[in-house]
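Some notes on the structure that comes next.
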Protein chains: 2
Amino acid sequence: MKQEVSIVDVAREAGVSIATVSNVVNGKGRVSTKTIQKVRKVIDELGYTPNLPARNLKTKRTDLIGVVVPTMKPGRLQDNPFYWDLLAGVEEGARDRSFHIILTGIDEATETFSFVKERRLDGLIVVGTNEGSQAVQRVTGLGVPAVFIDSYLKDSGLYQVNLDDRQGSYRATSYLIEQGHRRIALLIGDIPMERIAYYGVLHERWLGYRDALEEAGIPYDPRLMIKLPTSLAGGYKAADQLVELPDVTAIFSFSDVSAMGVLKGLKEKNKSVPGEYSVIGFDNLFMSEYTSPSLTTVSQNIIEKGHAAVRMLLNQIDGEPLSERRIVLPAGLVVRETTGPGPHQSSE
Amino acid sequence: MKQEVSIVDVAREAGVSIATVSNVVNGKGRVSTKTIQKVRKVIDELGYTPNLPARNLKTKRTDLIGVVVPTMKPGRLQDNPFYWDLLAGVEEGARDRSFHIILTGIDEATETFSFVKERRLDGLIVVGTNEGSQAVQRVTGLGVPAVFIDSYLKDSGLYQVNLDDRQGSYRATSYLIEQGHRRIALLIGDIPMERIAYYGVLHERWLGYRDALEEAGIPYDPRLMIKLPTSLAGGYKAADQLVELPDVTAIFSFSDVSAMGVLKGLKEKNKSVPGEYSVIGFDNLFMSEYTSPSLTTVSQNIIEKGHAAVRMLLNQIDGEPLSERRIVLPAGLVVRETTGPGPHQSSE
DNA sequence: CTCTCTACATTAAACGTTTTACCATATTAT
DNA sequence: ATAATATGGTAAAACGTTTAATGTAGAGAG
């Protein structure tokens, strides 16, 4: 194992000072073209690679950002491809600015985020936490630039990027109503309704649903809330409850994977989609185009979400924080085959 | 922004030398219980956090490993949830040993892996590259501990972890044959068959398919190879070709997502599964249980794959390399609903 | 010829650790 | 008592950079 070659080796070999080599490497200061070439040559010959940890020590910047996703533990959240896309967006955005990302799953209960300080990360991106969560306090306590994705935190001092969940949900619900559905079940997640305000994303989507109902003059019926996890298995079980709800002809599921579960459950019960039930999802995963029937769903640009978060974070790090602290991306609706006319078609 | 507190602040405040503080922090050297407590107390009061980059500079270890996945570029590979699971396994394994992972997508054409040297990463995990790829040469040229996942590199000096793809493929094919299928199409990927030996994973699976054929005395028919990408879209298009192949009653697809595409394509053509066609996938994604009909597929423990790679890498880093350079994990077969009896049932 | 610029280049301190070699003091063995 | 050995602690160098302050030489101006 050959000895590492450092900046002083280069300096000696090139017959200049280490400061000059440093300047050449970083393109700073004044140095003549002749010297630049000489130093570059030596760098190539010796195969010198700058030692970033050493640089970090001096500059107090690591060009490293942490990305924290909620319990990436096997079995928990890995079952939603959504996060992979988001990560791809973040990674790409970071790479474009020659930052690297340190990825870590967290166990909300135990995570102290100490690694952020220890490793002197320049910033942190936190995905999908909630108002009042331990994580939020701990992160803000760090005093490190941070951006929260999909978290809907009340503290308006925090940088956040969200989807316009309420609007998206409103559009989906309105569409079902237009199609003639009046009793629309909601697969909302495994949460106590009295605390829904704490579940940012779910809350917003729930509000959007209610907006649409209200606009159409349809009374809100709490019995239509199906409180099961928005996972494949949750969706599958939700079908059981769905078929017991009288007069319900549609279900809006707060994630595509759970909608797939619903589809599967309904098919096993020999309920036709969209004949007997219309189903609508949320996320527009790449897969959703290939289910049978293909899934009508609320769409979002996940990659762009990642990009936006990185941009916001890097601006903070560079000391030129964006004036807007909250970016809200638009939600779309893509109509495919799981939705069809309901019983009240001419009700408008 | 309060000044960072360093080891010397702690030392001064506690009235000991910095060497002693260092020893307390790292649990090394000899230091009396009384001093330990005193120092610990001061550390808490001052809120001291060790500076890892500084430590790295001195120790030449970063406790950081790089994870490289093939072009995590939007649109490319993100469309296979497989990688997310793998990443979860790696991350978890690393975290257990208090390593962190730096994740980066690569563009095989341009990536030089210079970040590995610059950041002084302790090791590297590379996923899904191929024999003869630029990436392999560059990584080995780095002289850094590395483990290749799903790469089937001939150079037996390299550490690798693979699935027993050949065996898995053999089992799947044999199962179809047992069920009475004799002409079995293969959705093999968008590659030139004359170069198949370079595509490690695909090659092995192809060999497994041929093993099973040979054992059953069924001649290999190259016309049954469908050369389309093993993606959702590829699978969907594969259905077009499938229905044109005379007497074919089954298709074996080299990924679950592409099998889902096939399912969708067949349904649109009003071909029944498993009535007219049996379909079998590869990977056993969590979703595969929820397709309609649910997918028969070759299963693997992806999380364990990640764990194994980390273990292998960390042993190298610790200077106690495993004697076996290649770990091969077993493949299973999970039979669900997309496979059924074929026309030659009593052929055995 | 001296003075002031300008353009390059260097010196040396600092960043926050770890670690080797060494020094006390207390304990035990002789 | 003396020598040998533990035990607890320290001084100082080193890791590879960046950067502020400073130096030097040559060119043009007076």
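Each chain gets a letter, A, B and so on, in the order its sequence line appears, and its residues count up from 1. Keep in mind that what you see is a predicted model, and the values were worked out from it rather than measured. Note: hydrogens, waters and symmetry copies are ignored here, and every other heavy atom, side chains too, is used.
Comparing D/dT10, D/dG9, C/dT18 by their closest approach to the side chain of B/V31 singles out D/dG9. Nearest nucleotide to the side chain of B/T35, out of D/dT17, C/dT10, D/dG8: D/dG8.
Following rounding to the nearest Å, B/K28 (NZ) and C/dT19 (C1') show an atom-to-atom distance of 8 Å.
Using a 4.0 Å heavy-atom cutoff across all strands shown, A/P53 reaches no nucleic acid atom at all. The residue B/S22 sits close to a base: some heavy atom pair falls under 4.0 Å. Among the protein residues, B/I18 comes within range of the nucleic acid bases, having at least one heavy atom under 4.0 Å from a base atom. A/T33 comes within 4.0 angstrom of nothing in the nucleic acid, heavy atoms only. Among the protein residues, B/N56 comes within range of no part of the nucleic acid, since none of its heavy atoms lies under 4.0 Å from any strand.
Under the 4.0 Å criterion applied to side-chain N and carboxylate O atoms, A/E13 and A/K41 are not assigned as salt-bridge partners.
Residue B/S32 has a polar side-chain atom (N or O) positioned under 4.0 Å from OP1 or OP2 of D/dG9. Put simply, B/T20 has no side-chain N or O that comes within less than 4.0 Å of OP1 or OP2 on D/dG8.
With contacts defined as side-chain heavy-atom distances shorter than 4.5 Å, the pair A/R55/A/N26 qualifies.
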Anything under 3.5 Å between a donor and an acceptor, one on a side chain of residues 140-156 of chain A, the other on a protein residue two or more places apart or in another chain? List them.
residue, atom, partner, partner atom, Å
A/T140, OG1, A/V136, O, 3.0
A/T140, OG1, A/Q137, O, 2.9
A/D150, OD1, A/K305, NZ, 2.7
A/D150, OD2, A/K305, NZ, 3.0
A/S151, OG, A/T129, N, 3.2
A/S151, OG, A/I149, O, 3.0
A/Y152, OH, A/L163, O, 2.7
A/Y152, OH, A/D165, OD2, 2.8
A/D155, OD1, A/G157, N, 2.7

